[in-house]
Amino acid sequence: MSKQKRTAIVPTREQDYAEWYQQVIRAADLAENSDVRGCMVIKPWGYAIWENIQRVLDDMFRETGHKNAYFPLFIPKSYFEKEAEHVDGFAKECAVVTHSRLEDDGDGGLMVAGALTEPLIVRPTSETIIGASFAKWVNSYRDLPLLINQWANVVRWEMRTRLFLRTAEFLWQEGHTVHETPEDAMIETKKMLEVYATFAKEYLAIPVIQGEKTEGEKFPGAVDTFSIEAMMQDKKALQAGTSHFLGQNFAKASEIKFQNRDGELEYAWTTSWGVSTRLIGALIMAHSDDNGLVVPPKIAPAHIAIIPIYRDDEERTAVLEYCAKVEELFHRQYFEDIRVYTELDDRDLTGGERNWHWIKKGIPIRMEIGPRDISADSVMVARRDFDPKMKQSIPFDELKDYIMRSLRDIQDAYYFRALDFLTDNTKNIDDKEEFYAFFTPENEKQPEIHGGFALSHWCGAEECEEIIKEDLKVTVRCIPFDSEEEDGSCIVCNKPSNRRVVFAKSY
RNA sequence: CGGGAUGUAGCGCAGCCCGGUUAGCGCGCUCGGUUCGGGACCGAGAAGUCGGAGGUUCAAAUCCUCUCAUCCCGACCA
């Protein structure tokens, strides 16, 4: 294999997408599996991405009038039982606390003791426990709307886990709101979906499709679930965020009642909405390449890697001095609302080794600073969105402007690349045979990357959805908001349909 | 939870079928030196209860049973 063709990540996306994903996470040092089954350790570079996601979203929630609060990790089983559909949806994946004490088992070990009178469920989501509080907080229409958000961890005892995409414990935010009318609640539900879509586009540089979930795919207990759906580089869909209109289902379960403007007691209308550390999985699979992580500047843990190059102590002193000058140039600088961070990498490794280290971590900008640059009063700059070998000498005087502009350009480049990918792999399909061919790999044994999003007509019957799922493992990802009414016939049963939906394989 | 695969040093693997000195290799790591502008080189060194438990045997990484974990496929799901 020629040196030019060597990729930092083995295997490549084309060779083995699932394995490539794992390797990117390891190469970028984002996270690792823990000794606890299904749980991950999020390492600093990965956690910094989450912190950036939190910071930006938290601001957006504030701007839309929400306040943060914190509710218990444990939910009494009796609370959980109140909403029937909710129970159905989550019962199979609940961790349950049944004891409160450990005792010496007389054999050098410990045994559980102190059985609880009522088992506690480790929250898989918090509708019921938050509902119990809301019932106390809401008495009058004057208390509404109640707009609360919580940053928390939740536990869902998943059978099959994948780093970031599905772990037994994950970090997320869950918004919970209470409204006077169904209209208000629905406006809130859609507003927060819009917030997610904006965040995905503006910060994660991921274009998404907003839409409504089908009956079978919606949140257990919700009246309506809306989602943002993103396309990964293997052309599968990833649900990146959800927003639920809960109607009065949870208000009834938790007795959230208020006296309305006519003096009558009425059940309130609630919503909930959330995004999780899964977004990091989305980020990885939407942008990264065969050389490692690719992370948009607006969400990157750091923006500029500075790699000093020198031969001896004398040069070292001069070079590090110059590096400090460059770091100073960006100290407390912002591009848009994002603070720029630099990383000085003075490890005793070759320039190439250090360069590749930062390429794999996806840092947007790399700078090499050596004696030649100092004498020219300039810096060698490389960009993560360009070929790894490509670098350009930028005079110190122009450096700040150049970098600020580049960060903006890189952010845009990632977004448009992802948008092109989404557009190129989204197809109107009206013919059943074509639909099946679209979702069938040529090599069954080792399926190549295939498929995409098929915009096809669907009659709305669950049976038709089921057939497609059985045959192709393809599901209706959502009924997009922006699809125009149009006469057609269901891709499965040929019955009349007036709108296209998004069909895709999904995570 | 069903089907399949894999667990040997931090990572990637060989050895296992056919049991037999002291369990190897590459990368990484440590120390010393030369290097550093695209994945450096020389020398020295550290690191393994062969995933775990039990069994068969004079002898187990190797054979048998159980178990745990990870990955892939399925069902389920953010």
Side-chain angles (χ1 to χ4, degrees), chain A residues 3-4 6-8 10-11 16-19 21-23 26-27 32-39 88-93 124-125 154-174 196 213 216-220 225 227-230 237-244 272-282 291-292 307-312 315-316 319 345-360 366-374 376 379-380 382 387-391 393 444-447 469-470 473 475 506-507:
Chain A
K3 211 161 192 177
Q4 277 76 14
R6 181 179 168 192
T7 57
V10 180
D16 185 346
Y17 193 82
E19 181 63 18
Y21 175 77
Q22 307 272 113
Q23 294 304 328
R26 196 165 57 179
E32 62 192 21
N33 274 305
S34 77
D35 293 341
V36 184
R37 183 201 178 110
C39 294
D88 273 355
F90 287 108
K92 293 182 294 288
E93 51 189 51
T125 179
V154 286
V155 169
R156 295 183 188 173
W157 215 258
E158 298 289 349
M159 292 305 156
R160 194 176 156 193
T161 58
R162 291 185 94 188
L163 290 175
F164 291 115
L165 295 179
R166 179 168 301 106
T167 47
E169 179 191 10
F170 58 93
L171 307 181
W172 77 347
Q173 74 42 233
E174 46 181 327
Y196 290 153
K213 284 292 190 184
E217 297 270 337
K218 71 178 198 197
F219 176 76
T225 288
S227 72
I228 52 171
E229 301 285 333
L238 183 79
Q239 179 176 304
T242 50
S243 187
H244 316 291
S272 68
W273 28 274
V275 297
S276 70
T277 35
R278 176 180 249 203
L279 284 178
I280 298 173
N291 287 324
I307 301 168
I309 308 284
Y310 50 79
R311 266 174 263 269
D312 49 39
E315 281 185 359
R316 179 171 191 269
V319 168
D345 186 355
D346 188 29
R347 291 177 300 167
D348 185 20
L349 297 168
T350 63
E353 179 66 31
R354 283 177 286 163
N355 256 304
W356 280 103
H357 171 83
W358 291 106
I359 290 169
K360 286 185 280 192
R366 303 188 305 283
M367 291 182 183
E368 279 172 46
I369 299 177
R372 294 210 292 269
D373 303 297
I374 296 176
V379 169
M380 291 304 278
D387 188 281
K389 282 176 296 194
M390 194 185 286
K391 56 187 177 183
S393 183
E444 283 285 357
K445 283 187 183 136
Q446 215 175 354
K469 192 173 174 181
E470 286 284 314
K473 294 166 213 152
T475 50
S506 73
Y507 278 94

Exercise. If pairing requires Watson-Crick or G-U wobble contacts with both distances under 3.5 Å, which nucleotide is the partner of B/rG54?
Worked result: B/rC64
Exercise. Taking the same atom, P, in B/rA53 and in B/rU62, what whole-Å distance lies between them?
Worked result: 12 Å
Exercise. Nearest-Å distance, CD (A/E93) to P (B/rC1)?
Worked result: 14 Å
Problem set entry | Nearest-0.5 Å distance that lies between atom CG in A/L165 and atom CG in A/L238 | 6.0 Å
Problem set entry | Pairwise C1' distance for B/rA9 and B/rG55, with rounding to whole Å | 28 Å
Exercise. Counting only side-chain N and O atoms of A/T350, is one of them less than 4.0 Å from OP1 or OP2 of B/rA40?
Worked result: yes
Problem set entry | Flag side-chain contact, heavy atom, 4.5 Å: A/S506 against A/T475 | yes
For this session: Return the set of residues passing salt bridge (charged side-chain N to carboxylate O under 4.0 Å, His left out) with A/E315 (not counting sequence neighbours), or none when no residue passes.
Result: A/R311
For this session: For nucleotides B/rC63 and B/rA46, find the distance between their P atoms and express it as a whole number of Å.
Result: 31 Å
Exercise. Between atom CD in A/E368 and atom C1' in B/rG39, what is the gap in whole Å?
Worked result: 13 Å
Exercise. In the structure shown, which nucleotide is the Watson-Crick or G-U wobble counterpart of B/rG2, with both distances under 3.5 Å?
Worked result: B/rC73
For this session: For the pair A/R354 (side chain) and A/P308 (backbone), establish whether a donor and an acceptor sit closer than 3.5 Å, ignoring hydrogens and angles.
Result: yes
Each nucleotide N or O in nucleotides 4-13 of chain B that has a protein N or O under 3.5 Å away: list the pair and distance.
from	atom 1	to	atom 2	distance (Å)
B/rC11	O3'	A/R26	NH1	2.6
B/rC11	O3'	A/R26	NH2	3.3
B/rC11	O2'	A/R26	NH2	3.3

Problem set entry | Side-chain (A/R156) to main-chain (A/E93) donor-acceptor, under 3.5 angstrom | no
Problem set entry | Counterpart residues, side-chain contact (heavy atoms from CB on, under 4.5 Å), relative to A/A27 (two or more places apart) | A/I9, A/K360
Exercise. If each of A/L165 and A/A8 is mapped to the nucleotide of RNA chain B with the nearest heavy atom, which maps nearer the 5' terminus, i.e. the 5' end?
Worked result: A/A8
For this session: If B/rC18 has a Watson-Crick or G-U wobble mate with both distances under 3.5 Å, name it; if not, just say none.
Result: none
Problem set entry | Distance between P atoms of B/rC29 and B/rG24 (Å, rounded) | 23 Å
Problem set entry | Watson-Crick or G-U wobble mate for B/rC36, both contacts under 3.5 Å | none
For this session: Output the single nucleotide from B/rC76, B/rA78, B/rC36 whose closest atom is nearest the side chain of A/R354.
Result: B/rC36
Problem set entry | Watson-Crick or G-U wobble mate for B/rG24, both contacts under 3.5 Å | B/rC13
Problem set entry | Base B/rG38 paired with A/K391 side chain (donor-acceptor, <3.5 Å) | yes
Got a list of protein N/O to nucleotides 67-73 of chain B N/O distances below 3.5 Å?
from	atom 1	to	atom 2	distance (Å)
B/rA69	OP1	A/R37	NH1	3.3
B/rA69	OP2	A/R37	NH1	2.9
B/rU70	OP1	A/G38	N	3.2
B/rC72	OP1	A/R162	NH2	3.4
B/rC73	OP2	A/R160	NH2	2.2

Problem set entry | Closest to the A/M159 side chain, choosing from B/rG39, B/rC1, B/rC76 | B/rC1
Problem set entry | Non-neighbouring partners of A/L163 that pass side-chain contact (heavy atoms from CB on, under 4.5 Å), sequence neighbours left out | A/I25, A/N33, A/M40
Exercise. For A/H244 and B/rA78, what is the distance between atoms NE2 and P respectively, to the nearest whole Å?
Worked result: 7 Å
For this session: Could you check how far CD of A/E353 sits from P of B/rC41, rounded to whole Å?
Result: 11 Å
Problem set entry | Spacing of the P atoms in B/rA5 and B/rG32 (rounded, Å) | 49 Å
Exercise. Between A/Y196 (side chain) and A/G274 (backbone), is there a donor-acceptor pair under 3.5 Å?
Worked result: yes
For this session: Ignoring backbone atoms, test whether A/R311 places a side-chain nitrogen or oxygen under 4.0 Å from the OP1 or OP2 oxygen of B/rC36.
Result: yes
For this session: Between B/rA60 and B/rU21, how far apart are the C1' atoms? Round to whole Å, please.
Result: 15 Å
Exercise. Got a sec, which residues hit ring pair (Phe, Tyr, Trp, His ring centres under 6.0 Å) with A/Y310, two or more places apart in sequence or on another chain?
Worked result: none
Exercise. Counting side-chain heavy atoms from C-beta on, which of B/rG38, B/rC76, B/rU35 comes nearest to A/E158?
Worked result: B/rC76
Exercise. So which one's nearest nucleotide on RNA chain B is more toward 5', A/A240 or A/R372?
Worked result: A/R372
Exercise. On a whole-Å scale, what distance lies between the P atoms belonging to B/rC66 and B/rC31?
Worked result: 48 Å
Exercise. Is the distance from OP1 or OP2 of B/rC76 to the nearest side-chain N or O of A/K469 less than 4.0 Å?
Worked result: yes
For this session: Measure from CG on A/L171 to C1' on B/rA78 and round the result to the nearest Å.
Result: 13 Å
Exercise. Paired with B/rA46 by Watson-Crick or G-U wobble geometry, both distances under 3.5 Å: which nucleotide is it?
Worked result: none
Exercise. In whole Å, what separates the C1' atom of B/rA44 from that of B/rU8?
Worked result: 26 Å
